[in-house]
Amino acid sequence: MIPYRYEHTTFARQIQENWATLDAGAETADEVSVAGRVMLLRVQGKLAFATLRDSSGEVQLFALSAVTGEFDEFSHLHLGDWIGARGVVVRTKRGEISVKVASWVRLAEARHNFGDKWAGISDFDVRYRHREADLWANPDSRDSLQRRFAVLQAIRRRCWDQGFVEVETPILNAIATGAAARPFVTHHNALDSEFFLRIAPELWLKRLVVGGFERVFELGRVFRNEGVSPRHNPEFTMLELYAAYWNVADMMDFTEALVSAVALDVLGTTDTTYQERSFSFAAPWPRRSMADLTSHALGEDVSVHTPREHLAQLLDDRGVAVHESWGAGRCLAELFEATCEQDLWDPIFVTDFPVEVSPLARRRADDPELTERFEAYAAGRELANGFSELNDPDDQRTRFEEQARLAAAGDDEAMAIDEDYIRALEWGLPPTAGLGVGVDRLAMLIADESNIREIIAFPTLKPLPGAGAV
RNA sequence: GCGCCGAUAGCUCAAUUGGCAGAGCAUUUGACUCUUAAUCAACCGGUUCCGGGUUCGAGUCCCGGUCGGCGCACCA
């Protein structure tokens with residue numbers, strides 16, 4: 001009979017560490033009980049050796065017919081079975097730290113095997129659809145996921161330490177706003193209303209600042225109805241954080257400190273490698289304006305004040321289709337993406353985004369066509385986005401109206417006008433800076449993974465035919 | 001959404017030009033008192049992803065579909 005609980009005293013790694021100096025062939029009187037899965041089994045007549053793995057690591061179990069209860073059953077365990085075993089710590093003649101099993105009990109049966117004991121499970125479909133088996137069969141899978149969870153913990157610790165309150169905001173929204181993306185649609189039966197799954201918590205969080213929460217963060221799932229790729233999962237985790245009285249420069253300081261602290265927490269260093277290329281999270285990160293970087297890449301000076309038609313021509317030269325609704329700002333941003341983005345390896349802040357592509361960011365005092373906004377890039381991709389928040393309700397209305405014009409012109413990712421949010425700004429939002437970090441992207445960098453699915457416990461997969469019907 | 005590639009035993013993988021579908025591991029059985037992916041022996045194990053087609057004959061060639069990987073597009 002399978003017991004309802006098990007008295008577990010010691011982890012595998014503790015045994016390896018605490019008895020590290022034990023001599024080969026030596027036997028202690030120290031009794032421990034361990035629990036985990038049987039990963040390997042080597043039966044040799046009246047002796048049997050099992051490799052037990054728990055969350056901390058592995059330890060060998062040493063069973064003898066003369067010592068171990070139910071020895072015959074022990075030697076017939078299946079790979080993958082959970083067992084608990086009690087006995088004294090010994091080191092075998094061949095030098096392996098072991099628990100000499102006096103008594104043991106099966107805690108769960110593994111009816112399916114965990115793949116080839118050397119090669120594990122490599123089929124992506126099996127690995128992602130049965131991640132629980134993948135995590136046991138492939139230690140690398142568990143390591144990467146552990147790093148992802150450690151990233152979450154490190155982010156929370158850092159935010160708490162800086163006086164931010166962790167909050168929650170609605171996932172079901174009457175309008176999907178706060179970012180440029182296509183939403184998922186769902187339906188509430190009793191209210192007989194359409195809802196959109198949030199694409200960003202941004203506007204709710206700023207409403208909390210209006211309400212008096214001066215420093216808030218939310219570490220939450222957002223949903224975007226877009227293509228799936230090695231860098232995109234339909235639901236992903238975003239850190240959003242708002243600090244009253246800060247501006248964009250304060251937020252850049254915070255961002256580089258946060259990310260390098262997370263790397264230090266999880267990896268023990270800020271200098272690592274990503275995809276076999278050296279990579280450093282170390283602060284400070286360079287700060288360069290979008291116009292500067294783009295001009296440098298192009299070999300000619302461009303800015304948001306360059307005639308729109310010239311920027312459009314430069315885009316056309318590079319094979320980028322220019323939409324007629326794009327102004328100079330959008331064209332500059334597109335040029336930046338086409339010429340610079342991929343080459344930004346170590347973290348860098350790109351600053352001074354055009355107002356045209358930044359509908360929620362505050363204008364620069366010295367140039368109303370630019371905003372106090374940055375994006376952090378790393379390993380050729382966007383890692384974070386932040387800005388001084390637009391807190392002028394009249395300007396916000398103007399920006400939303402511009403978005404509405406884009407929507408009318410066929411841009412299905414333009415933001416909707418959010419009257420409730422404008423009204424919130426009319427109650428008064430103090431000077432505030434905000435930050436958004438793609439946590440999955442950060443986890444990929446820290447876990448050195450190129451596929452986002454590796455750092456998501458259960459990535460979104462297409463349902464198999466016949467599955468999911470209600 | 002488009003393109004390229006892949007799917008063979010529970011797992012990892014073979015299979016020549018279109019010619020009897022195999023191995024290792026796992027499972028089962030046997031031997032073995034210090035193994036380390038233990039070893040040795042024996043047995044078992046198949047809708048070759050699904051559906052059509054060509055052919056005397058298809059894992060292999062053709063068409064359609066499913067799921068996945070990568071790239072592009074979209075995007076974070």
Side-chain angles (χ1 to χ4, degrees), chain A residues 24-25 27 38-51 58-68 71 75-81 90-98 100 110-130 133-134 136-138 178-183 199-200 221-240 319-321 337 341 375-378 380-385 411-413 436-444 450-454 459 461-467:
Chain A
E27 184 162 333
V38 176
M39 302 307 288
L40 297 168
L41 189 63
R42 299 173 288 280
V43 180
Q44 186 164 334
K46 294 187 169 59
L47 297 181
F49 301 89
T51 301
E58 295 182 348
V59 67
Q60 178 168 274
L61 302 181
F62 179 27
L64 302 85
S65 65
V67 173
T68 304
F71 175 81
S75 63
H76 283 83
L77 281 164
H78 287 182
L79 302 190
D81 283 351
V90 302
R91 191 183 289 276
T92 60
K93 290 177 189 170
R94 292 297 189 86
E96 186 74 27
I97 280 284
S98 306
K100 187 174 171 183
R111 292 192 184 178
H112 309 286
N113 75 22
F114 284 90
D116 186 275
K117 65 188 180 185
W118 187 243
I121 299 173
S122 58
D123 184 275
F124 287 101
D125 215 358
V126 176
R127 288 189 49 226
Y128 295 142
R129 288 187 197 278
H130 290 286
D134 173 45
W136 276 104
N138 302 313
R182 287 197 295 273
I199 57 176
R221 208 69 58 84
V222 297
F223 308 84
R224 298 191 183 176
N225 204 341
E226 290 156 355
V228 176
S229 86
R231 288 162 296 281
H232 300 83
N233 198 62
E235 53 178 297
F236 62 99
T237 300
M238 181 113 89
L239 167 69
E240 283 210 15
V320 179
E337 286 181 23
E341 180 172 356
E375 284 189 352
Y377 284 82
R381 293 194 287 272
E382 185 187 339
L383 177 65
N385 178 22
D411 185 344
D412 56 5
E413 293 181 348
V437 178
V439 172
D440 306 85
R441 294 277 174 83
L442 177 59
M444 288 169 71
S450 62
N451 188 329
I452 195 170
R453 291 179 163 180
E454 295 294 339
L461 297 174
K462 185 157 181 170
L464 294 174

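Only heavy atoms go into these numbers, but all of them, side chains included; no hydrogens, no water, no symmetry mates.
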Exercise for review: Let me know the distance between NE2 of A:H130 and P of B:C67, rounded to the nearest Å.
Suggested key: 16 Å

**Study point:** Among B:C74, B:C34, B:G69, the one nearest A:Y128 by side-chain distance
**Key:** B:G69

Check your understanding: Atom CG of A:D134 and atom P of B:U12: how far apart are they, to the nearest Å?
Key -> 11 Å

Point to revise | Summary of salt bridge (Lys or Arg N to Asp or Glu O under 4.0 Å) pairs that have at least one residue in residues 115-124 of chain A, sequence neighbours excluded | key: none

Exercise for review: Quote, to the nearest angstrom, the P distance that separates B:C32 from B:A37.
Suggested key: 24 Å

Review point. A:S122 side chain N/O closer than 4.0 Å to the phosphate oxygens (OP1, OP2) of B:C13?
Key: yes

N/O to N/O distances under 3.5 Å, protein versus nucleotides 23-27 of chain B:
unit_1 : atom_1 : unit_2 : atom_2 : d
B:G24  : N2     : A:D116 : OD2    : 2.7
B:C25  : O3'    : A:K117 : NZ     : 3.3
B:A26  : OP1    : A:K117 : NZ     : 2.6
B:U27  : O3'    : A:H78  : NE2    : 3.3

Check your understanding: When you check the phosphate oxygens OP1 and OP2 of B:C74, does a side-chain N or O of A:R224 lie under 4.0 Å from one of them?
Key -> no

Practice item. Write down the distance between NE2 (A:H76) and P (B:G30), rounded to a whole number of angstrom. Key: 6 Å

Point to revise | Side-chain N,O (A:Q44) to OP1/OP2 (B:U33) below 4.0 Å | key: no

Check your understanding: Under the ring-ring contact (aromatic ring centres under 6.0 Å, His included) test, which residues partner A:F71, sequence neighbours left out?
Key -> none

Practice item. Mind checking A:A180 for me? I need base, sugar-phosphate or nothing, with any heavy atom below 4.0 Å counting as a touch. Key: sugar-phosphate

Review point. Any side-chain N or O of A:R453 under 4.0 Å from OP1/OP2 of B:G69?
Key: yes

Exercise for review: Please lay out, stage by stage, how A:L464 and A:R129 fare under the test side chain to side chain contact (heavy atoms under 4.5 Å, CB included).
Suggested key: CA-CA 10 Å; A:L464 294 174; A:R129 288 187 197 278; 3.6 Å; yes

Revision key, fill the gap. Salt bridge (Lys or Arg N to Asp or Glu O under 4.0 Å) filter on A:R231, not counting sequence neighbours, yields none

Which atoms of nucleotides 40-44 of chain B (N or O only) lie under 3.5 Å from a protein N or O atom, and what are those distances?
none

Revision key, fill the gap. A:R91 meets the salt bridge (Lys or Arg N to Asp or Glu O under 4.0 Å) criterion, sequence neighbours left out, with none

Exercise for review: Just call it for A:N385: base, sugar-phosphate, or nothing, with non-hydrogen atoms closer than 4.0 Å on any strand.
Suggested key: nothing

Exercise for review: Identify, with sequence neighbours excluded, every residue that meets side chain to side chain donor-acceptor pair (under 3.5 Å) alongside A:R453.
Suggested key: none

Check your understanding: Which nucleotide sits closest to the side chain of A:L461: B:C74, B:G68, B:U36?
Key -> B:G68

**Study point:** Under the 3.5 Å Watson-Crick or G-U criterion, the dot-bracket string of RNA chain B, with | for inter-strand pairs
**Key:** (((((((..((((.....[..))))..((((.......))))......(((((..]....))))))))))))....

Point to revise | Set of residues satisfying salt bridge (Lys or Arg N to Asp or Glu O under 4.0 Å) with respect to A:E454, sequence neighbours excluded | key: A:R127, A:R131

Exercise for review: May I ask whether A:F236 stacks on the base of B:A76, given the cut-offs of 5.5 Å between ring centres and 30° between planes?
Suggested key: yes

Review point. How would you list, by chain and number, every residue that makes a side chain to side chain donor-acceptor pair (under 3.5 Å) with A:N225, sequence neighbours excluded?
Key: none

Check your understanding: Taking for each residue the nucleotide of RNA chain B bearing the nearest heavy atom, is the 5' side occupied by A:E96 or by A:A384?
Key -> A:E96

Check your understanding: Can you name the residues that form a salt bridge (Lys or Arg N to Asp or Glu O under 4.0 Å) with A:E337, not counting sequence neighbours?
Key -> none

For nucleotides 1-9 of chain B, print each protein N/O atom paired with a nucleotide N/O atom at under 3.5 Å, atom names and distance only.
none

Check your understanding: When all nucleic acid strands are considered with a 4.0 Å heavy-atom cut-off, which category describes A:N233: base, sugar-phosphate, or nothing?
Key -> base

Review point. What nucleic acid atoms does A:R129 come within less than 4.0 Å of, heavy atoms only: base, sugar-phosphate, or nothing?
Key: sugar-phosphate

Review point. In whole angstroms, how far is the P atom of B:C34 from the CD atom of A:Q60?
Key: 13 Å

Review point. Tell me: CD of A:E58 to P of B:A37, nearest whole Å?
Key: 11 Å

**Study point:** Whole-Å gap separating C1' (B:C13) and CD1 (A:I121)
**Key:** 15 Å

